[in-house]
Amino acid sequence: MIDVSTPQARDKFYHSGDWKRVRKQVLERDHNECQWCKANGLVTTGRTATLEVDHIKELQYYPEYALDMANLRTLCHDCHNIRHDRHNDKQFDDEIFEF
């Protein structure tokens, strides 16, 4: 089981080769498009926004789904912030960076 019990453990996970590989696969599967925008008839790609890979079942509560592609989707930064109810854009988000 992947240890994601602390912010440091989650940071280590997001730096792992396994995460980088699966993240890339999810972006490719989703055609580098935000899935929420797409569902609303908009086209938001890596050319127009920062794309992030979201855990549908949140990583810290469901570590068993950490690398399960069925539990991952591509969202743009704005949609990802809405999804996690983040209103402070200056807050560091380790999910957005490709390490």
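What you see is a predicted model; the values in this text were computed from it and never measured. Starting from 1, each residue takes its place in the sequence as its number.
Atom-to-atom distance recorded for Asn32:CG and Lys24:NZ is 10.5 Å, nearest 0.5 angstrom. Here Leu42 contributes atom CG and Cys34 contributes atom SG; the two are 8.5 Å apart, rounded to the nearest 0.5 Å. Thr74 OG1 to Leu27 CG: the interatomic distance, rounded to the nearest 0.5 Å, is 4.5 Å. Here the OG-CD1 distance, from Ser16 to Ile2, works out to 7.0 Å after rounding to the nearest 0.5 Å. The OG1 atom of Thr48 lies 9.5 Å from the CD atom of Glu33; values are rounded to the nearest 0.5 Å.
Using cut-offs of 30° and 60° on the angle between ring planes, the pair His84 and His80 is perpendicular. Relative ring orientation between His55 and Trp19 is described as parallel, the plane-to-plane angle staying below 30° on a 0-90° scale split at 30° and 60°.
With a 6.0 Å radius and a threshold of 12 heavy atoms from other residues, nucleotides or ligands, Phe13 has its CZ atom above the threshold.
At distances below 3.5 Å, not a single donor-acceptor pair connects side-chain atoms of Asn71 with backbone N or O atoms of Leu67.
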Please evaluate residues Ile82 and Trp36 with respect to the criterion side chain to side chain contact (heavy atoms under 4.5 Å, CB included), reporting the C-alpha separation (whole Å), side-chain torsions for both, the decisive distance (0.1 Å), and the verdict. CA-CA 11 Å; Ile82 291 167; Trp36 278 12; 4.3 Å; yes
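Minimum interatomic distance between Arg29 and Arg73 (heavy atoms only, all atoms of both residues): NH2-CA, 3.9 Å. Summarising the geometry of Val4 relative to Gln60, their closest heavy-atom pair is CG2-CA, 4.0 Å, with the distance given to 0.1 Å.
In this model, a donor atom of one side chain and an acceptor atom of the other lie less than 3.5 Å apart for Asp3 and Ser5.
Taking 4.5 Å as the limit, some side-chain heavy atom of Tyr14 sits within range of a side-chain heavy atom of Leu59. Two residues are said to be in side-chain contact when any heavy atoms from C-beta on lie closer than 4.5 Å; Arg23 and Val26 fail this criterion.
Both Leu51 and Met69 sit in one connected hydrophobic cluster of ILVMFWY residues. Membership requires side-chain heavy atoms under 4.5 Å apart, directly or through other members. Cluster membership for Tyr61 and Ile56, using ILVMFWY side-chain heavy atoms within less than 4.5 angstrom, is not shared. Residues Val22 and Leu75 fall into different hydrophobic clusters, defined by Ile, Leu, Val, Met, Phe, Trp and Tyr side chains chained together at heavy-atom separations under 4.5 Å.
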